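All values derive from a computational prediction rather than experimental measurement. Convention: sequence-line order gives letters A, B, ...; per-chain numbering from 1.
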There are 2 protein chains.
Amino acid sequence: MQKSREDRQAAAPDYHVDRQVGFFLRQANQRHVAIFANAIGDKLTTTQWSALSKLKEIQPCSQNQLGRETAMDVATIKGVVDRLVKRGFVATAPDRNDGRRVVLSLTEEGLAVIAANVGAALVATEGTLAPLTSGERMMFLELLQKIC
Amino acid sequence: MQKSREDRQAAAPDYHVDRQVGFFLRQANQRHVAIFANAIGDKLTTTQWSALSKLKEIQPCSQNQLGRETAMDVATIKGVVDRLVKRGFVATAPDRNDGRRVVLSLTEEGLAVIAANVGAALVATEGTLAPLTSGERMMFLELLQKIC
DNA sequence: TGATACTCATTCGCATACAAATGAAAAATG
DNA sequence: CATTTTTCATTTGTATGCGAATGAGTATCA
């Protein structure tokens, strides 16, 4: 059946950005970033924290690999690593087997700053999920993972 | 009861960034932005689309008000509006009653670009939620709204 | 009315985020 | 072994995103 002119014209007025997933995803992320920044003591951003935490798990590794593991673009991870190196949390060294690679590893300060902020990171997670009950949290995390 | 040395040292290794909400929220948002960019034809970003859509609902309005309605910082909405003005989608005019305000409104081109892309925006929403069943979508949106 | 507080828009600095291009090095292919 | 393809790191350009500061205009209220 062909749609009438009214039907097609009525489509636009019914659209509301503030009911779309994207609108909520952006805001939820914003809220989490704010909560994290507030909880963390050492001026670390969420991405910097991700890079540090992941690096601890998989070090030593190349810059691009760390980017892939933390879902960051090559240009993005470059900037993040640069700032972490500048602050003395991450050390770089040339790879003897591969002339292209830069091998990343945590410094003592890096390990220390992670240890000092794990608690705060967990508090941030808790704060972000605070509006949800225990059951809702499990359900939410499950569904959220599915759309990643 | 005092925690043993082992307990305290075991705390850090148990932490995994890639199991935290923040990690998923960032990725889910990334995926949606990518899907949106792919679906939309007129090189509009998700934030630009939000601004345009919301402006259509509440125009005429001040720049800061549009920012509040779309959950954007004053500095952020400034840049977004500037680009939309530059492309001829939004018009600015001084407020006669309030010397500080800049009154925003949609141009003909702005209205046209909205009309031309509402369908694509819905496709993007659909694509983002594609991994979920109909029931899961409702549940997810409900929970997501709670943590905004 | 006059001091104070608030709001609006702008600007600066910093930190993601991605597309796209580049050059160097390694891997895969014939 | 030489060509092609990949991979790695870097750089440029554009677009959010927020904190903080500023100046201009408005509102409040003593």
Side-chain angles (χ1 to χ4, degrees), chain A residues 22-23 25-38 40 42-52 60-87 90 92-104, chain B residues 22-23 25-38 40 42-52 60-87 90 92-104:
Chain A
F23 197 79
L25 282 175
R26 191 175 117 262
Q27 278 189 82
N29 192 46
Q30 274 177 16
R31 177 167 165 271
H32 170 70
V33 169
I35 290 174
F36 185 90
N38 205 266
I40 228 75
D42 289 296
K43 295 265 185 190
L44 290 168
T45 65
T46 53
T47 42
Q48 288 170 0
W49 177 253
S50 292
L52 283 176
C61 74
S62 75
Q63 186 176 281
N64 278 11
Q65 189 192 342
L66 184 59
R68 282 192 297 272
E69 298 274 356
T70 53
M72 292 184 213
D73 192 65
V74 285
T76 303
I77 192 67
K78 168 83 164 72
V80 174
V81 167
D82 279 355
R83 284 168 217 116
L84 292 175
V85 168
K86 199 175 183 182
R87 292 177 64 181
V90 171
T92 61
D95 188 327
R96 298 191 182 283
N97 302 50
D98 192 330
R100 300 165 300 180
R101 280 189 173 143
V102 172
V103 179
L104 303 180
Chain B
F23 197 79
L25 283 174
R26 192 174 117 261
Q27 279 189 80
N29 192 47
Q30 275 178 13
R31 175 166 165 272
H32 170 70
V33 169
I35 290 173
F36 186 90
N38 204 267
I40 228 79
D42 289 297
K43 294 264 184 191
L44 290 168
T45 65
T46 53
T47 41
Q48 288 170 1
W49 177 253
S50 292
L52 283 176
C61 75
S62 74
Q63 184 175 282
N64 278 11
Q65 190 191 343
L66 183 58
R68 282 191 296 271
E69 299 273 355
T70 53
M72 292 183 214
D73 193 65
V74 285
T76 302
I77 192 67
K78 169 81 163 74
V80 174
V81 167
D82 279 355
R83 285 170 216 115
L84 292 174
V85 168
K86 200 175 182 183
R87 292 177 64 181
V90 171
T92 61
D95 188 325
R96 297 189 182 285
N97 301 49
D98 192 331
R100 301 165 300 179
R101 282 189 173 146
V102 172
V103 179
L104 303 181

Using only atom types and a distance under 3.5 Å, with no angle test, would you say the side chain of B:Arg26 pairs donor to acceptor with the backbone of A:Thr46? no
Between CD of A:Gln27 and P of D:dT16 the distance, given in whole Å, is 16 Å
Here the distance between atom P of D:dG17 and atom NE2 of A:His32, to the nearest Å, is 16 Å
Chain A reaches DNA chain C, atoms under 4.0 Å from its heavy atoms, from C:dA15 to C:dA26
With sequence neighbours left out, the residues meeting side chain to side chain donor-acceptor pair (under 3.5 Å) with A:Thr47 are A:Thr45
Those residues at least two apart in sequence (or on a different chain) that pass side chain to side chain donor-acceptor pair (under 3.5 Å) with A:Asn38 are none
Less than 3.5 Å apart, which donor and acceptor atoms pair up between the side chains of residues 79-86 of chain B and the rest of the protein, not counting sequence neighbours?
residue, atom, partner, partner atom, Å
B:Asp82, OD1, B:Lys78, NZ, 3.4
B:Asp82, OD2, B:Lys78, NZ, 2.6
B:Arg83, NH1, B:Gly79, O, 3.2

Whichever of A:Ala34 and B:Thr46 has the more 5' nearest nucleotide on DNA chain D, that residue is B:Thr46
- Message: Using a 4.0 Å heavy-atom cut-off, does B:Gly99 contact any base of the nucleic acid, only the sugar-phosphate backbone, or nothing at all?
- Response: sugar-phosphate
Sequence neighbours left out, what passes salt bridge (Lys or Arg N to Asp or Glu O under 4.0 Å) with [X]? Give chain and number order.
X       : value
A:Arg87 : none
B:Arg68 : none
B:Asp42 : none
A:Asp95 : none

Counting primed atoms, P, OP1 and OP2 as sugar-phosphate and everything else as base, the B/S/- map of nucleotides 2-15 of chain D against protein heavy atoms under 4.0 Å is -----BBSBB---S
